[in-house]
Participant: 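Let me begin by handing over the structure; questions about it come next.
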Amino acid sequence: MRFSKAFIYTKKEAPSEATLPSHKYLIRGCYIQSVGAGLYNFLPLGKRVLDKIRNVAKEELDKAGCLEVDLAFVTPLELWEQSGRVQKYGKELLKFRDRKDNSFVLGPTHEEMMVNLVKSYVNSYKQLPINLYQIKTKFRDEIRPRFGLLRGREFLMKDGYSFHSSTEDMKREFDLMEKTYSNIFRRLGLDFRIVEADSGAIGGSGSKEFMVLANSGEDTLVICTNCDYGANIEAAKRAKRKAPLVANEEEAVSMTFGKFHTPEVKTIEQLSEFFHINPFYTLKIVAKKAIFEDGSSKVVLFGVRGSDDLQEVKALNAIDGAIDLEEVSEEELKEAGFEPGFIGPKDLPKDAILIVDKELENERLIIAGANEKDYHYVGLNLNDLDLEYKDLVEVKEGDICPKCGGVLKFSKGIEVGHIFQLGTRYSEPLDAKFLDENGKLKPFIMGTYGIGISRLVAAIVEQHHDSKGIIWTKESAPFEVEIIISNIKKEEENKAGFEIYEELIKEGIEVLIDDRKERFGFKMSDFELIGIPYGIIVGKKIKDGIVEIVDRKTLNKEEVKLQDVVEKIKGYLDR
Ligand code: ATP
Ligand code: MG
């Protein structure tokens with residue numbers, strides 16, 4: 001491709017809302033154009049990268065036996081009502097009516113559609129398993145579209161769905177998809193981690209995320225410094241924290257039960273100061289307003305140690321049927337019958353919902369609010385109360401790995417893939433059943449698997465760039481080689497440049513040739529910005545039969561004889 005005809009119009013500046021390197025460079029490099037919040041046009045360069053990523057994904061998925069389909073983008077609202085996801089998705093769903101007043105949703109994911117499709121063709125265990133996928137535009141009316149392609153409203157996703165007659169078989173496919181996804185991300189040249197994840201709005205249990213390690217990632221990952229344990233902070237676990245060995249521990253142990261007057265002692269800090277005790281021995285109550293699927297709401301309470309923090313996603317999952325947790329004001333707390341600053345597990349109003357963190361189970365010496373203004377209980381034995389325990393704590397750096405006892409640390413990641421063991425979450429409500437070997441009707445056991453194809457364009461840049469621009473990996477680059485003719489007015493340079501160009505094309509290598517009437521310096525800065533892995537500079541030395549190969553990653557230049565350049569490049573590209 002000739003640069004002069006390639007529709008590449010680079011820019012010196014990025015718009016002010018572009019804060020991340022990927023956003024800036026993709027716009028400056030003429031890969032994408034912004035149309036509105038979370039909406040982008042892909043320009044010729046961007047489309048080439050998108051297709052590269054898509055093809056790598058398709059090749060690996062096809063190899064694993066998945067079948068590509070292409071479902072309607074416009075999906076009937078009725079299906080979403082049947083699965084009960086209209087409320088759960090809330091405003092992210094873009095709903096509309098057609099001229100006949102039928103209601104539709106622009107597909108944000110296609111579980112409902114795929115279940116509906118499969119159930120009309122498959123009715124016997126003999127037709128299973130099946131894994132169908134598509135690489136298709138999705139629309140989610142994200143509350144905060146940002147960071148360019150990382151969080152768009154319209155974006156390209158690979159979404160796959162598998163159907164099985166048994167849980168074992170679904171798990172086998174889940175493992176196969178884990179391997180397949182690993183191959184895809186490895187081929188794309190990404191440094192990634194597979195982590196345990198929260199299953200979120202999609203539902204089901206057992207899910208893993210593929211995280212590209214990058215400082216700009218929106219997700220916080222908890223990673224073991226000793227073994228391969230990794231989890232999204234929303235799902236991370238730790239070994240149970242031990243009681244701190246501090247001077248005043250004896251006091252803690254010798255506490256006898258009693259109600260203490262604690263005027264104006266409302267925070268954990270004040271409380272541990274008042275009793276000269278480590279906050280580990282106190283119970284912190286966090287109140288939230290849970291919003292339910294039917295639109296109703298209720299104040300709910302969570303209890304964690306004073307030295308811990310509540311993990312919001314774990315908290316949300318702990319409340320049956322809740323779709324969101326909101327902050328709650330002191331007034332709302334009082335209205336619901338609670339005493340702000342003095343809430344505790346004993347003597348709560350009858351209909352109160354309290355979930356306590358699992359690590360507090362069997363704790364016998366706790367300081368907690370007495371549900372009465374200016375009073376706390378000391379030496380409270382939680383075993384005397386009928387409490388519900390669930391994992392609620394947010395893991396912190398320095399906590400201990402649940403798998404190996406090593407130390408946990410944080411890292412930032414960009415979620416590029418997510419695989420779920422779904423079970424019958426959709427087949428049941430959508431009444432999608434098959435006849436098993438004994439002639440019994442059973443709902444399909446399912447798995448679902450997603451990759452953010454357009455997000456990957458940006459994720460690759462986040463991990464592979466420098467202060468000058470993008471450094472594409474070999475399998476993601478829009479072209480593999482760029483020939484830069486230093487001065488196109490020089491016949492010798494021009495001729496040699498185009499000769500190399502023709503030869504590389506003959507070898508099946510994708511080449512861009514900068515044949516523009518621009519200064520050499522200008523062309524080089526475009527080469528650095530656009531980020532094609534190798535450059536071949538054809539300049540003055542051509543009269544001695546010499547050209548230069550530039551490695552975009554290191555920007556090192558190497559002089560090469562004209563007759564050797566094609567072989568050298570083939571070597572670099574592993575051809
Ligand atoms: P996130 O937590 O980042 O919002 P999600 O859990 O909603 O992601 P899934 O529903 O699992 O995402 O979608 C599958 C994949 O689609 C994700 O792993 C991600 O790579 C991609 N994806 C999701 N939302 C967006 C978006 N708004 N823009 C670009 N890609 C997205
Ligand atoms: Mg999301």
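Start at 1 and go down the list; that is how both ligands and their atoms are numbered.
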Participant: Passes side chain to side chain donor-acceptor pair (under 3.5 Å), S427 versus T424? Steps please.
Facilitator: CA-CA 5 Å; S427 48; T424 57; 4.9 Å; no
Participant: Among F147, F155, F139, which one puts a heavy atom closest to atom 29 (C) of ligand 1?
Facilitator: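 Among F147, F155, F139, the closest heavy atom to atom 29 (C) of ligand 1 comes from F155.
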Participant: Taking both backbone and side-chain atoms of G152, is any N or O found less than 3.5 Å from an N or O belonging to ligand 1?
Facilitator: yes
Participant: For atom 3 (O) of ligand 1, tell me which residue out of E415, E218, E154, R151 has the closest non-hydrogen atom.
Facilitator: R151
Participant: Just list the side-chain donor-acceptor pairs under 3.5 Å for residues 173-180, sequence neighbours left out, or say none.
Facilitator:
| unit_1 | atom_1 | unit_2 | atom_2 | d |
| --- | --- | --- | --- | --- |
| E173 | OE2 | N131 | ND2 | 2.8 |
| E178 | OE1 | K208 | NZ | 2.9 |
| T180 | OG1 | L176 | O | 2.7 |

Participant: For residues 394-405, run the donor-acceptor check on the side chains, cut-off 3.5 Å, and write out each pair with its distance to 0.1 Å, sequence neighbours left out.
Facilitator:
| unit_1 | atom_1 | unit_2 | atom_2 | d |
| --- | --- | --- | --- | --- |
| E394 | OE1 | Q311 | NE2 | 3.0 |
| K396 | NZ | S307 | O | 3.4 |
| K396 | NZ | D309 | OD2 | 3.3 |
| E397 | OE2 | F410 | N | 2.9 |
| D399 | OD1 | R241 | NE | 3.0 |
| D399 | OD1 | R241 | NH2 | 3.0 |
| D399 | OD2 | R238 | NH1 | 3.0 |
| D399 | OD2 | K396 | N | 2.8 |
| K403 | NZ | D228 | OD1 | 2.8 |

Participant: Salt bridge check: are R187 and E59 linked by an N-O gap of less than 4.0 Å?
Facilitator: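 Looking at E59 together with R187, the answer is yes, because their closest N to O distance falls below 4.0 Å.
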Participant: Near G417, which atoms of ligand 1 are under 4.0 Å from a heavy atom of that residue?
Facilitator: 18 (O)
Participant: Which ligand 1 atoms does M157 reach within 4.0 Å, using its non-hydrogen atoms?
Facilitator: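 Taking each heavy atom of M157 in turn, ligand 1 has 13 (O), 14 (C), 16 (O) under 4.0 Å.
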Participant: Output the list of atoms in ligand 1 that are nearer than 4.0 Å to some heavy atom of V416, sorted by atom number.
Facilitator: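 Going through ligand 1 atom by atom, the ones under 4.0 Å from V416 are 18 (O), 20 (O).
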Participant: Check each atom of ligand 1 against the heavy atoms of L150 and keep those under 4.0 Å away; list them by number with element.
Facilitator: 28 (N), 29 (C)
Participant: Could you tell me, atom by atom, which parts of ligand 1 come under 4.0 Å of a heavy atom of R455?
Facilitator: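 Numbered from 1, ligand 1 contributes 3 (O), 19 (C), 20 (O), 22 (N), 23 (C), 24 (N), 25 (C), 26 (C), 29 (C), 30 (N), 31 (C).
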Participant: Between the main-chain N or O of K237 and the side-chain N or O of Y229, is there a donor-acceptor pair closer than 3.5 Å?
Facilitator: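 Indeed, once roles are kept as given, a pair shorter than 3.5 Å links the two residues.
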Participant: Need the ligand 1 atom indices (1-based, order shown) with element for anything under 4.0 Å from a heavy-atom of E142.
Facilitator: 24 (N), 26 (C), 27 (N)
Participant: Looking at D431 and K433, does any basic side-chain N land under 4.0 Å from a carboxylate oxygen?
Facilitator: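 Salt bridge present between D431 and K433.
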Participant: When you compare the side chains of S207 and H418, does any donor N or O come within less than 3.5 Å of an acceptor on the partner?
Facilitator: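 Yes, because at least one side-chain N or O of S207 sits under 3.5 Å from a partner of the opposite role on H418.
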Participant: Between H418, R140, E92, flag the one that comes closest to atom 12 (O) of ligand 1 by a heavy atom.
Facilitator: R140
